[in-house]
**Q** 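A single structure is presented below for examination.
FYI, side chains are in, hydrogens and waters are out, and symmetry mates aren't considered; it's all heavy atoms of this structure. Throughout, protein chains are lettered first and strands after them, A, B, ... in sequence-line order, and every chain is numbered starting at 1.
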2 protein chains.
Amino acid sequence: MGKIEEAIQQKEFKDQFNKAVVNLIYTHSYLVTAQSVLFKPHDLSPEQYNVLRILKGQNGVPTTVSSIQDRMLNKMSNASRLVEKLKMKGLVERNECPADRRQVDILITEKGLELLKTIQKQVEESNVEYINLTNDEAIQLNDLLDKLRG
Amino acid sequence: MGKIEEAIQQKEFKDQFNKAVVNLIYTHSYLVTAQSVLFKPHDLSPEQYNVLRILKGQNGVPTTVSSIQDRMLNKMSNASRLVEKLKMKGLVERNECPADRRQVDILITEKGLELLKTIQKQVEESNVEYINLTNDEAIQLNDLLDKLRG
DNA sequence: TTACATTATTTGTATAGACATATATATGTC
DNA sequence: GACATATATATGTCTATACAAATAATGTAA
């Protein structure tokens, strides 16, 4: 069941590059599906989790919406609406920036930090479990993905 | 700009496995964004394209909705609704299956085949362009992804 | 300082993902 | 044949993606 050809019942691909794209999309779905099980009981979506992770990395320094957007895994997602969802749950604060009133300072709350801590531990353990590679192979994969994007 | 650490401004990861998950999600977004530019002028979504590709692989033999679902890259997507969208555009036919009236036979139309032919060529060329790897590296990547999923 | 362009954020809209539930048909057992 | 159970598909709902467009504040150049 390992090979992508069997997994999606496609006999052959144009070339190794086109096979790699399909393989990557399929593997992405495999990982995201596994992760989503962890988020569900906490009523948090994967992208909301990602935003919390970015905010925690700030160590208490407020960030703007556009800065969050730049650092998101999915560049096309909508940070403004994700922050709004997190605010309604009391996981982040949103304050008008005095220096530039167009901007909004976003800060993770104590409640947000605690929730993140709980989930992050589970996600980190789950990721190790779902990736059937040795440490060296994981390093290789990271190098290939970095190179792939140019 | 290659390394994932710089791309999303995160200094370090728990381990190589957790780094690989983030790297994969980020690379997926990079590839899907590049592809979507090609689909847009044809008013087709990436998953609609994927369904057409599966139907073409049938070489004229009708398939059921659940068979399409099994072979989709994203197992959680909704094949029923995707087929409905394609039917409204005249790209597929949907016929009640005489042998089992619960099932629906799906068939790609001539119009669907022609559209697919045009787009597939562009997608295949684009994929080669966006993957900055040698052929050997692409093979390595495919092997690692197949092994990753166990 | 008026006019115009730029930037930060929000909002609108269509499509899809993720999942639960409904409905129709088929199958197996008594 | 009546019943429960399984299967195929459709539908409902919430969230997110992928854009375009609106709004408000700021910067810049005449």
**Q** Starting at CZ of A/R101 and ending at P of D/dG27, how long is that distance when rounded to a whole Å?
**A** 11 Å
**Q** May I ask you to say what A/T64 touches in the nucleic acid, namely base, sugar-phosphate or nothing, with a heavy-atom cut-off under 4.0 Å?
**A** sugar-phosphate
**Q** So, is A/R81 near the phosphate of C/dT11, with a side-chain N or O under 4.0 Å from OP1 or OP2?
**A** no
**Q** Compute whether any side-chain donor of one residue and acceptor of the other, for B/N95 and B/D105, lie under 3.5 angstrom apart.
**A** no
**Q** Ignoring backbone atoms, test whether A/S80 places a side-chain nitrogen or oxygen under 4.0 Å from the OP1 or OP2 oxygen of C/dA8.
**A** no
**Q** Check the distance between D/dT23's C1' and A/E96's CD and give it to me in whole angstrom.
**A** 14 Å
**Q** Taking the six-membered ring for Trp, are A/Y130 and A/Y30 parallel (under 30°), tilted (30 to 60°) or perpendicular (over 60°)?
**A** perpendicular
**Q** Look at the side chain of A/Q48 and decide which nucleotide, out of D/dT15, D/dT9, C/dT10, has an atom nearest to it.
**A** D/dT15
**Q** Taking all non-hydrogen atoms of both residues into account, name the closest pair between A/I68 and A/A79 and its distance.
**A** CG2-CB, 4.2 Å
**Q** Would you say B/S36 reaches D/dA18's phosphate, i.e. side-chain N/O to OP1/OP2 under 4.0 Å?
**A** no
**Q** Within the 3.5 Å criterion, strictly below it, is a donor on A/Q48 or A/K89 matched to an acceptor on the partner's side chain?
**A** yes
**Q** For DNA chain D, whose closest nucleotide is more 5', that of A/A99 or that of A/K75?
**A** A/K75
**Q** Take atom NE2 of A/H28 and atom C1' of D/dT17, then tell me their distance rounded to the nearest Å.
**A** 11 Å
**Q** Could you state the atom-to-atom distance from CZ of B/F39 to P of C/dT15 in whole Å?
**A** 16 Å
**Q** Classify the side-chain pair A/Q10/B/R53 by whether it contains a donor and acceptor separated by less than 3.5 Å.
**A** yes
**Q** My understanding is that a pair needs two contacts under 3.5 Å, Watson-Crick or G-U wobble. By that rule, which nucleotide pairs with D/dA25?
**A** C/dT6
**Q** Is any side-chain N or O of A/K40 closer than 4.0 Å to OP1 or OP2 of C/dA20?
**A** yes
**Q** How close or far is atom C1' of D/dT11 from atom CG of B/L82, stated in whole angstroms?
**A** 14 Å
**Q** Does B/R102 get its side chain close enough to the base of D/dT7, under 3.5 Å, for a donor-acceptor pair?
**A** yes
**Q** Rounded to whole angstrom units, what separation is found between the NZ atom of A/K87 and the P atom of C/dT9?
**A** 15 Å
**Q** Figure out the CG/C1' separation between A/L86 and D/dT15, and round it to whole Å.
**A** 12 Å
**Q** Return the nearest nucleotide to the side chain of A/N74; candidates are D/dT26, C/dA8, D/dA18.
**A** D/dA18
**Q** Any side-chain donor paired with an acceptor under 3.5 Å for B/N142 and A/Q16?
**A** yes
**Q** Where the side chain of A/S66 is defined as all heavy atoms beyond and including C-beta, which of D/dA8, C/dT10, C/dA8 is the nearest nucleotide?
**A** C/dA8
**Q** If you go through the side-chain atoms of A/N78, does one of them form a donor-acceptor pair with the base of C/dT10 closer than 3.5 Å?
**A** no
**Q** Between atom CD in A/Q69 and atom P in C/dT10, what is the gap in whole Å?
**A** 11 Å
**Q** Using heavy atoms to find the nearest nucleotide of DNA chain D for A/K85 and B/T33 separately, return the residue whose nucleotide is more 5′.
**A** A/K85
